[in-house]
Amino acid sequence: NNSSSFPSNFFFGTSSSAYQYEGAYLADGKGLNNWDVYSHKPGNLIVDGSNADIAVDHYHRYLEDIDLMHSLGVNSYRFSISWARILPKGRFGEINEAGIKFYNNLIDGLLLKGIEPFITLTHIDFPQELEDRYGSWLSPESQEDFAYYADICFKSFGDRVKYWVTFNEPSFQVKLGYQAGTFPPSRCSKPFGNCTYGDSEKEPFIAAHNIILAHIAAVHIYRTKYQATQGGSLGIVLHCFWYEPISNSVADKLAAERAQSFSINWYIPFTILFFIFYTNKAKMQDILGSILPEFSKTEKQKLNKGLDFIGINHYTSFYVRNCMLTTCGPGKGTSKTEGYWTQSSQKNGIDIGEPTELAGMNVYPQGMEKIVTYLKDRYHNVPMIITENGYGDMNKPNSTTESLLHDVERIKYLAGYLDALSTAIKKGADVRGYFVWSLLDNFEWNDGYTIRFGLHHVDYKTLRRTPKSSATWYRNFISQHIVKD
Ligand code: FCB
């Protein structure tokens, strides 16, 4: 398909994260992180009782994985650093040199093959030592730890790494960790979930506030200590569904806008342009009342130039309806703190896009064009990178390797979404790259190993990697669209 067009310096890559890939959870001085501990806790919500102690053993097989990327012809790779592998005890202990060495080897290996590294500093994992000390993102201490850790990463890797992401999907992280309680630290209150501790109406916002400030602190360090010599770019990766108002009514349109605000808009204005921050904050304040924490004067001063690009993780779309406490209050929809709204994959019994085996994962390629255009219009065409997009297969008891390798549905999905992306680009959106989630099948959080997102199949007994049809498809797509220097 040559009808789509991408800029000549466009990044085509694949995406991954440390906990989902590396394994080697106790190797070479690594400390435990929150997921290491959670996945070993009886009664956790991981459906197949698995963990990522081994995962796909990327820690030991990274050279083989770089070869796979090389044969795909990608020019970039997004991965995350395991914080506890670099700083097992956060800022209260030593740097683990073996951890630094691993990422140096990975970065050098990528560069040798002409693959640009994109690093996410933390992709959901958090050192357990710090969780135990002060309760992770609920404490402002987390900001100091994150900034300290970011500084070490910039200093150690920034001579070669030019693209940095501070956080992956903060909205999802705080929702699952502190509202629904389905991710560690498993905090929530009824009726949102069933946890021992927590306050679902308040804690997600406190955690998000600390995450935003941690982002700002890390960026500030980069700008003042490294920008001039390293010249890199920094961004934050946001969880971006497309939220389609279910009707043309003003109430439903506003509800969709609120839904968008709590996953996206809350995180961007703080970091990009001061004045948007204020207009947006006024609206959020209406909804949140006194819950939304204030920023101090010095914090506000650091807000400018808080990011160079927005990372977009986009998979699917939902209809959004405005509603009342009685029809979709806590337990039925969202909280008072988000100004009631509810999402669904259907309107009058008809699905948005094509439904898939995975509930809430309908294929609606137009969503890609819509979300990119929404962000372009709202944020003055800030540079954007599609940091994740991909298709998951259920690992059914009767699914054979053969059927998993012949992944026509994934190809259809990727082709559709890339085409929609190229339309948005043609219409003027400044999108710089696209990363498929994921290079390999891997550990899918609470879904364990039951859902496969890879362009390569992984046999979890032997850890053998085999290209699926989609790998061949992606290779051909890239070779037709990439312009080599
Ligand atoms: C995203 C996560 C990523 C992976 C994909 C399928 O929300 O960032 O780690 O789990 O979903």
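All figures in this text were calculated on a predicted structure; none of them were measured in a lab. Atoms within a ligand are numbered from 1 in the order they appear, just like the ligands themselves. The first residue in the sequence is number 1, and the count goes up from there. Note that these values count all heavy atoms, side chains included, but never hydrogens, waters or copies made by symmetry.
Scanning the protein heavy atoms around atom 3 (C) of ligand 1, the nearest turns out to be Glu388 OE1, 3.4 Å.
Of all atoms in ligand 1, numbered sequentially from 1 with element shown, those under 4.0 Å from a heavy atom of His123 are 2 (C), 3 (C), 8 (O), 9 (O). Close contacts of ligand 1 with Glu444, meaning ligand atoms under 4.0 Å from a residue heavy atom, involve 4 (C), 6 (C), 10 (O). Taking a cut-off of under 4.0 Å to the non-hydrogen atoms of Asn313, the atoms of ligand 1 that pass are 8 (O). For ligand 1, the atoms closer than 4.0 angstrom to any heavy atom of Gln20 are 3 (C), 4 (C), 9 (O), 10 (O). Every atom of ligand 1 with a heavy atom of Asn168 under 4.0 Å away is listed here by number and element: 8 (O).
Inspection of the Asn34 and Gln128 side chains reveals no N or O donor paired with an N or O acceptor under 3.5 Å. If you check the side chains of Asp67 and His70, you find no donor sitting under 3.5 Å from an acceptor. For the residue pair Tyr21 / Ser438, a side-chain donor-acceptor distance below 3.5 Å is found, with atom types taken as modelled.
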Exercise. Walk me through it: do Phe118 and Phe435 pass the test ring pair (Phe, Tyr, Trp, His ring centres under 6.0 Å)?
Key: CA-CA 10 Å; Phe118 280 65; Phe435 293 77; 4.9 Å; yes

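Counting heavy atoms from C-beta on, the side chains of Gln260 and Tyr374 come closer than 4.5 Å.
Below 3.5 Å of separation, one finds an N or O of Trp445 facing an N or O of ligand 1.
The cationic atom of Arg85 (NZ for Lys, CZ for Arg) lies less than 6.0 Å from the six-membered ring centre of Tyr59 and within 45° of the ring axis.
When non-hydrogen atoms are compared, ligand 1 lies under 4.0 Å from neither the backbone nor the side chain of Phe172.
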